[in-house]
Each structure stands twice: as structure tokens, then as C-alpha cells.
Amino acid sequence: MPRPILCTIHPQAIRHNLERVRSAAKDANLLCVTKANAYGHGIEHAFEGMRAADGFAVVDLEEAQRLRRLDWRGPILLIEGVFELRDLELCSRLGLWHVVHCDEQIDWLAAHKTQVPHRVFLKMNSGMNRLGFTPERFRSAYARLNALPQVEEISFITHFSDADGPRGIDHQVSVFEQMTQDLPGERSVCNSAATMRFAGNGKLRNDWVRPGIVLYGSSPDYPQRTAQDWGLQPGMTLSSKIIGTQNLQAGDTVGYGSTFTADGPMQVGVVACGYADGYPRHCGTGTPVLVNGVRTRLLGRVSMDMVTVDLTAIPDAGMGSEVVLWGRSPVTGVELSIDEVAAAAGTLGYELMCAIAPRVPVVSDEAPLRK
Ligand SMILES: *Cc1c(COP(=O)(O)O)cnc(C)c1O
């Protein structure tokens, strides 16, 4: 029997989350972000839940190719643009849209021989200071692009640094608006947090929103609001089983470093899941976990291949019992948000979903893809 650990993807939940995004941004087109192998879900699995998308946004050309292989004929945007001149050939061949964020990318376009002119998204650095032209340099970049026969259509894009926090987006929106106001072209500004929090306020032009995390069922502004508050369902369940049990007495300790000490008789379960599976090692005693669909807690340190959990209050649990590390219990339907587990490790749901280790099998709970 294979080791019982499993990562199950729920396309139906992703479909549901996509509808949540639609109702938050009624007039916008959705560019579903499937970079990083659909945030660890597997592009092929996630795609099943995203057939209602208006387009996809990826970072790797290989991810764009995989979407085309799934027969997706609609828009695909490379959100970092191309990395070298040669990449533009694939853009031409696959009809990819691409971001243009620096002079070099304009030089490459100018040197690119193509029959089909491209649609590009000119990126403004409106305050994040990662990719993009500064507001001062934006208009000259636009003029250069606009003069190229290789370019058919120019849209405008920027990215927010604080859409999930108290600083918000207003300062960046005003810079962006001011510089693009009189330019013709569609706009793409909102990630998940901005889409859910601000897209419906009537102040933003949202031709294309770019939701990522929200599609996978993690709250874009946890802990202010939880996934449940947003009406989201987990796109992924990481599950395993109890492979051993121990009876502890007062004074007994658990795991490396003996960081947990029992203060009375306890029942402990050992779960086949550790940091080599992508479970965060920084989770300590008290991190929530579901056993037989009942919420309990981690005890002691996370090891490479195992964690230990408290079974004291779950008398029917034992060898072979189902354990959900995050996601939804198939037994009871009870959910444990990835955001709670991430918070216990001092990180975000994003990092956990992207870090599912290669040794964990990833399956979909819907019928397999037709070829
Ligand atoms: C990753 C990314 C997104 C999606 O962000 P979420 O917070 O997951 O919604 C949108 N736009 C850009 C440019 C990105 O890099």
C-alpha cells in the first residue's frame, strides 16, 4: 500500500469560488491566475474548475503551452512578459498576450519578425517598485510601443502592494489613472484582494481582473476576513491517516526536542505527513487538524515524515483514521481553512499550496480529463 498521504483537488469548489469573484466584479472579465502550476493545484486539475474563465494569466511559457494543450483557445497573458527575444516566437505561435514592463522587452518586440501583431499590456510601476515603467516614463514607453508594427493593441496594467491591508489601493489608483486617463485601451489592475474588496465600488475601471488566491479558496485578506466570510470553498485538501498511536502519562513528552509535555493521561496519533510533504515545519503544538472530521490539535514538533496529534477527545479515532491537514473532510464535510494552518506557521495560504512536495500524489475528485 502506498503511504496514505494525498492531495485532492476540488474543481467544483474552484468553480464555486470563480462565481464568487464574478459577483464581486460583475462587469469585469476574469483572467484566472494559474501561475506556479495553478498555485500548486496542477493546471490540468484547476482548469476543470475554471472553464468559465475569460482568460488565464501565467508566468511561465510552459504553463501557457499546457493551457493550449488543454484546448484553451481564449486569452492567455504572460504577467511578467517574455524573458528573452526568442520567447516572442512562442507568443506569436500560441497567440499569447504579454506584459511589457521594461525597455528591453520593447527592443525585443521591435526586433521580432511576426505575421501576427501582438496584444500587449504595458505595465506601470505605480508604487510597488517591482516591475513596470515609472509614471514619468510611462508615456514615452507607450509612444514607442504604439509606433511598432509588431503591436496591434495596447492595454494597461499595474499591481497593488496593499490591496489586502489598511493602506489600500487609492494612492496607486490615482497615479495610474492620472497617467492613463486619456489613453485608449483596456485596463487590468485588481488581484484577488482588490477584486473582492474594491472592484464593485464603481470607482475602478476593471476590464480585466486578475484573481488568483481567491479561486483556490484562501481568503485574500485573512485574518480580517476568513474564507468562510467570503463564501469560499477549499480548492485543495491535504489528507493522510493515523499510522500509529501512543498512550501518554503525565510528564511524557512528544517528538524532537520534547517541546510538548503531557499533564495527564493522553492518547496520541501519529500521522503520515511531515515537512518533506510540504507541511510547514513551523507549525507547533495547537495547530488545528481534523481527525475523522473532528477538530483537534498538533502536539510537539513537525518531523520530516510525521506529525503527532491529540486523540484524547476523539475516542473512536485510531489506526487508519482519516486526517485532514487542511481542506475538507470527505467523511464529515467539515472544513479546515489552509489560512489557519498557514497563520500557525507564520505564513500565508499561498505558500502552503505552492509547497506541496513532489512525493505527494495530486488527484482530482472529478472525472479525469478527456485527452
Ligand atoms: C500573482 C498575481 C496576481 C494574483 O494575485 P492573488 O493575490 O493571488 O489574487 C495578480 N496579478 C499579478 C501581476 C500577479 O503576479
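Indexing begins at 1, ligand by ligand and atom by atom, following the structure's order. When a residue number appears, it is its place in the shown sequence, counting from 1.
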Just which atoms of ligand 1 are under 4.0 Å from any heavy atom in [X]?
X: Tyr39; answer: 1 (C), 4 (C), 5 (O), 6 (P), 8 (O)
X: Lys35; answer: 1 (C), 2 (C), 3 (C), 14 (C), 15 (O)
X: Ser192; answer: 6 (P), 9 (O)

For atom 7 (O) of ligand 1, what is the closest protein heavy atom, and at what distance to 0.1 Å?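 So the nearest neighbour among protein heavy atoms is Tyr350 OH, 2.6 Å.
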Report the nearest protein non-hydrogen atom to atom 11 (N) of ligand 1: residue, atom name, distance rounded to 0.1 Å.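 Scanning the protein heavy atoms, the shortest distance from atom 11 (N) of ligand 1 goes to Arg210 NE, 2.9 Å.
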Evaluate Gly212 for polar contact with ligand 1, using N/O atom pairs at a separation under 3.5 Å.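 N/O-N/O distance under 3.5 Å: yes.
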Contact (N/O only, under 3.5 Å) between Pro211 and ligand 1: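 No, there is no polar N/O contact under 3.5 Å.
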Would you mind telling me if ligand 1 is within reach of the side chain of His159, the backbone, both or neither, using heavy atoms under 4.0 Å?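 Side chain only; the backbone of His159 stays clear of ligand 1.
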Any idea which part of Ile79 is under 4.0 Å from ligand 1, heavy-atom wise: side chain, backbone, both or neither?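 Ile79 to ligand 1: side-chain contact only, backbone stays beyond 4.0 Å.
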May I have the step-by-step check of ring-ring contact (aromatic ring centres under 6.0 Å, His included) for Phe156 and Tyr142, ending in yes or no? CA-CA 10 Å; Phe156 306 109; Tyr142 175 81; 5.7 Å; yes
Please name the residue in the list Lys35, Arg66, Glu62, Met50 that meets the side chain to side chain contact (heavy atoms under 4.5 Å, CB included) test with Ile43.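 Going through the options one by one, the only one that passes is Arg66.
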Apply the test salt bridge (Lys or Arg N to Asp or Glu O under 4.0 Å) to residues Arg86 and Glu89: give CA-CA distance (whole Å), side-chain angles for both, the deciding distance (0.1 Å), then the verdict. CA-CA 6 Å; Arg86 234 163 38 123; Glu89 286 164 26; over 6 Å; no
For a salt bridge (Lys or Arg N to Asp or Glu O under 4.0 Å) check, start with the C-alpha distance between Glu340 and Arg295, then their side-chain angles and the critical distance, and finish with the verdict. CA-CA 12 Å; Glu340 274 192 76; Arg295 207 178 152 100; 2.5 Å; yes
Just so I know, are the side chains of Asp103 and Phe133 near enough to count as touching, which here means a heavy-atom distance under 4.5 Å?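 They are in side-chain contact.
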Could you tell me if the side chain of His112 sits less than 4.5 Å from the side chain of Ser92, heavy atoms only?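 The answer is yes, as the side chains (C-beta and beyond) meet within the 4.5 Å cut-off.
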When you measure from the side chain of Thr312 to the backbone of Met266, do you find a donor-acceptor pair of N or O atoms at a distance under 3.5 Å?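 No; zero donor-acceptor contacts below 3.5 Å.
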